[in-house]
Amino acid sequence: MLSCAKLTTPSEMVTISFTEKYVESHTITRADGNVYLNTIALHTPEYVNVSLTNKDSGETFTCKSNESITIPNGIYDVSAKYVSTDYTEPFLKSNSVNTEITKETSSIELDIFYDCYAVFALTDECKSCYYEKPGTLYEIPFTKTDGVFVGYFNDNRTINLTPVDDNDDYVNTTYQFSTAKEDGKVYAEYGKYYVVHPSPNPNTTSSFITQMPTMTEGEL
């Protein structure tokens, strides 16, 4: 009596790294000569979390984009993201791509874009800037840095501004941001930043009364 067994050849292991490319079509990717864009660039994480799912085995491997990883060769779905847990950093994402990884593959390029919007307020106008936590009565302060308050969001948010104490020109102001177009709300688009200001005090009047002269027709 003879017997036989099917022999499986182990998959060849491949070590790969990642290169990140920020998608240039989004508004907040450029950071030259602009305090808001410079702040966003400063807060942008240095890596994203990468997931690689083998199409044959269904096994998923994970790593950071600033690390290399050794995995079996094969066809993979590759995606990446970074989720800010406290809204002090931008949310990042890449679209999922289907790619074959072989021994000739040394690196994979990730097209990264901002998966959020940013909201700024000015410290010379506002004493504080808070966002409301959905489903609660809690208000959480924005990050304060270099003359601005800033927060990064990927959902609907209510923003409350308190003007500085020594300026009666402004009043407490609330902004409602929505990721869908809704009447009375600011339409927040991912990849864009918004600068909010407290509303003028309707009870404040000017200290001066001016009368402007009118022009008369000239003679030739």
**OP:** Using the ring of Y87 (Phe, Tyr or Trp, six-membered ring only), decide whether R157 places NZ or CZ under 6.0 Å from its centre and within 45 degrees of its axis.
**Re:** yes
Subject >> Summary of ring-ring contact (aromatic ring centres under 6.0 Å, His included) pairs that have at least one residue in residues 39-84, sequence neighbours excluded >> reply: H43-Y152, Y47-Y82
Subject >> Spacing of T88 atom OG1 and I140 atom CD1 [to the nearest 0.5 Å] >> reply: 11.0 Å
Subject >> Atom pair OG/CG of S199 and N172 - distance to nearest 0.5 Å >> reply: 10.0 Å
Original post:
Is it true that a side-chain atom of T179 and a backbone atom of A188 form a donor plus acceptor pair closer than 3.5 Å?
Top reply: no
**OP:** For the pair Y175 (side chain) and L161 (backbone), establish whether a donor and an acceptor sit closer than 3.5 Å, ignoring hydrogens and angles.
**Re:** no
Original post:
Are E67 and K64 within salt-bridge range, i.e. N to O under 4.0 Å?
Top reply: no
**OP:** Begin from the C-alpha positions of S68 and S17 and carry the test side-chain hydrogen bond (donor to acceptor under 3.5 Å, both in side chains) through to its verdict.
**Re:** CA-CA 4 Å; S68 60; S17 60; over 6 Å; no
**OP:** Taking S94 for its side chain and I112 for its backbone only, find out whether a donor-acceptor pair lies under 3.5 Å.
**Re:** no
Subject >> Distance-only side-chain donor-acceptor flag, T19 / S107, under 3.5 Å >> reply: no
Original post:
So, for S178 and N156, which heavy atoms are closest and what is the spacing to 0.1 Å?
Top reply: CA-OD1, 3.3 Å
Original post:
Between T62 and I69, what is the shortest heavy-atom contact and its length?
Top reply: O-CD1, 3.8 Å
Original post:
Between T173 and V171, is there a donor-acceptor pair closer than 3.5 Å when you use the side chain of the first and the backbone of the second?
Top reply: yes
Original post:
Hey, what do you get for OG1 (T123) to CZ (F149), rounding to the nearest 0.5 Å?
Top reply: 6.0 Å
Original post:
Which heavy atom in F18 sits nearest to a heavy atom in C63, and how many Å separate them?
Top reply: CE1-SG, 3.4 Å
Original post:
Is the F177-Y117 ring centre distance short of 6.0 angstrom?
Top reply: yes
Subject >> Short side-chain to backbone donor-acceptor contact, S79 and S96, under 3.5 Å >> reply: no
**OP:** Can you establish whether the number of heavy atoms outside D86 located under 6.0 Å from its atom CG is more than 12?
**Re:** yes
Original post:
Should the pair D183-K185 be classified as a salt bridge under the 4.0 Å nitrogen-to-oxygen rule?
Top reply: no
Original post:
Between D115 and K81, does at least one N-O distance fall below 4.0 Å, as a salt bridge requires?
Top reply: no
**OP:** Calculate, to the nearest 0.5 Å, the distance between atoms CD and CG belonging to E46 and N66 respectively.
**Re:** 7.5 Å
Original post:
Which value, rounded to the nearest 0.5 Å, describes the distance between C116 atom SG and L92 atom CG?
Top reply: 7.0 Å
**OP:** Ignoring hydrogens and angles, state whether a donor on the side chain of Y193 or N34 is under 3.5 Å from an acceptor on the partner side chain.
**Re:** yes
Original post:
Are the side chain of Y36 and the backbone N or O of V148 linked by a donor-acceptor pair below 3.5 Å?
Top reply: no
Original post:
Would you say the side chain of L52 lies within less than 4.5 Å of the side chain of I16, judging by non-hydrogen atoms?
Top reply: yes
Subject >> Check: F120 main-chain N/O paired with Y194 side-chain donor or acceptor under 3.5 Å >> reply: no
Original post:
Does any donor atom in the side chain of N160 or T174 lie under 3.5 Å from an acceptor atom in the other side chain?
Top reply: yes
**OP:** Over all heavy atoms of both residues, which pair between D168 and N201 is shortest? Give the atoms and the distance, please.
**Re:** O-ND2, 3.0 Å
Subject >> Distance, nearest 0.5 Å, that separates CG of D77 from OG1 of T99 >> reply: 10.0 Å
